[in-house]
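On a predicted model such as this, the values are computed, not experimentally measured, just so you know.
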Amino acid sequence: FSSRRRHTRLRTVTGVQTCALPISSGALAFLTGECAGTVIFGGEGPGFRPMQVWLGTPDGDGMSVELLEPHAVERNDFLARFVARHTAGPHHLTFKVPDLTAAIERVRGAGYHPVNIDMSDPGWMEAFLLPREAHGTVVQLAQTNAAPASRAEQLAYVAANGPDMNPRWWTDPTPPAGPPVRLRRVVLRTPVLAAAVGFFAGVLQGDIEHERDERVELVWPSGSRLALEHRPDAPPGVDRLEVEGLDAEREIIGARFVPV
């Protein structure tokens, strides 16, 4: 890659974001109990309350899932409207970038139209691509000024100090039932595989890890992974989450967790 490509490269897929009402019952119990996940952080914002759960090993092998719950909907009802239309289910994928302005220029140059651009908070700046352009899911581009740390370093901090709570609003996590599972990848179905590969591997700079006729697997420098599957008779969007170490398939708040 050229030096400019390295500078503007998208660094990671944070995870697939799911929404439900309420989150803090079965979903959290499943993620921290059966999956032995680790709560990393949570808080409150206008219209939503997030919390993020790591599904992987302490050395950083895995991916995270963020749960969203409608909150303070009088300030912003975007999530409440989503839940009303779609019920619980996958909401968006987050790609963290070192320079949001450069990332926006990049996606616009490729013919895409980012919306809801917000750079008012230097601590968290974001823009979104809507499902009609992002192959059936919302894509969030986000820049944070937090000091860079490896996933292993972040998990070690959480183990020593507890999750980042701004504030804590969730119930006590269920104790782990066994060793942690590893969220290996998010699988998206698409009726036009070549176009989806062009978007995620080209515009969003994923590296092709494995490829066969009906499936392409991508990986980003953080180790986060997506798979794109050709499904000509199905609508595009998140199909399932593939999980190593899970005993049986489960559907939780509209998302399928499938063992691999």
Are the side chains of [X] and [Y] in touch, meaning some heavy atoms are under 4.5 Å apart?
X	Y	value
Ile253	Leu67	yes
Gln140	Phe95	no
Leu68	His91	yes

Check your understanding: Can you pull the salt bridge (Lys or Arg N to Asp or Glu O under 4.0 Å) pairs that have at least one residue in residues 27-40, sequence neighbours excluded?
Key ->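 Found Glu34-Arg250.
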
Side chain to side chain donor-acceptor pair (under 3.5 Å) partners of [X], counting only residues at least two apart:
X	answer
Glu242	Arg185, Arg215, Arg240
Glu214	His230
Arg256	Asp239, Glu249
Arg182	Glu244

Check your understanding: Using a distance-only test with no angle check, is there a side-chain donor-acceptor pair under 3.5 angstrom linking Asp118 and Asn116?
Key ->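 The criterion, which ignores hydrogens and geometry beyond distance, is not satisfied for Asn116 and Asp118.
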
Exercise for review: Would you mind telling me which of Leu183, Ile40, Thr38, Leu28 makes a side-chain contact (heavy atoms from CB on, under 4.5 Å) with Val53?
Suggested key: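 Testing Val53 for a side-chain contact (heavy atoms from CB on, under 4.5 Å) against Leu183, Ile40, Thr38, Leu28 leaves exactly one candidate, Leu28.
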
Going by the rule side chain to side chain contact (heavy atoms under 4.5 Å, CB included), which residues pair with [X] if we only count those two or more places apart in sequence or in a different chain?
X	value
Met165	Pro163, Arg168, Trp170
Leu130	Val115, Arg132
Ala149	Glu153
Asp59	Thr57, Asp61

Point to revise | Sequence neighbours excluded - ring pair (Phe, Tyr, Trp, His ring centres under 6.0 Å) pairs with any residue from residues 116-154 | key: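 Sorted result for residues 116-154: His135-Phe199.
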
Exercise for review: Taking salt bridge (charged side-chain N to carboxylate O under 4.0 Å, His left out) as the test, write out the residues that go with Asp247, two or more places apart.
Suggested key: none

Point to revise | Residue list, salt bridge (charged side-chain N to carboxylate O under 4.0 Å, His left out) with Glu209, at least two apart or on another chain | key: Arg225

Check your understanding: Trp54 side chain to Arg151 main-chain N or O, any donor-acceptor pair under 3.5 Å?
Key ->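 Not confirmed, Trp54 side chain does not pair with Arg151 backbone.
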
Practice item. Any chance you could measure Asp207, atom CG, to Trp220, atom CH2, to the nearest 0.5 Å? Key: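 Reported to 0.5 Å precision, the distance equals 8.5 Å.
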
Exercise for review: Might you work through the side chain to side chain contact (heavy atoms under 4.5 Å, CB included) test for Met119 and Ile104, ending with a clear yes or no?
Suggested key: CA-CA 12 Å; Met119 298 188 179; Ile104 289 171; 3.7 Å; yes

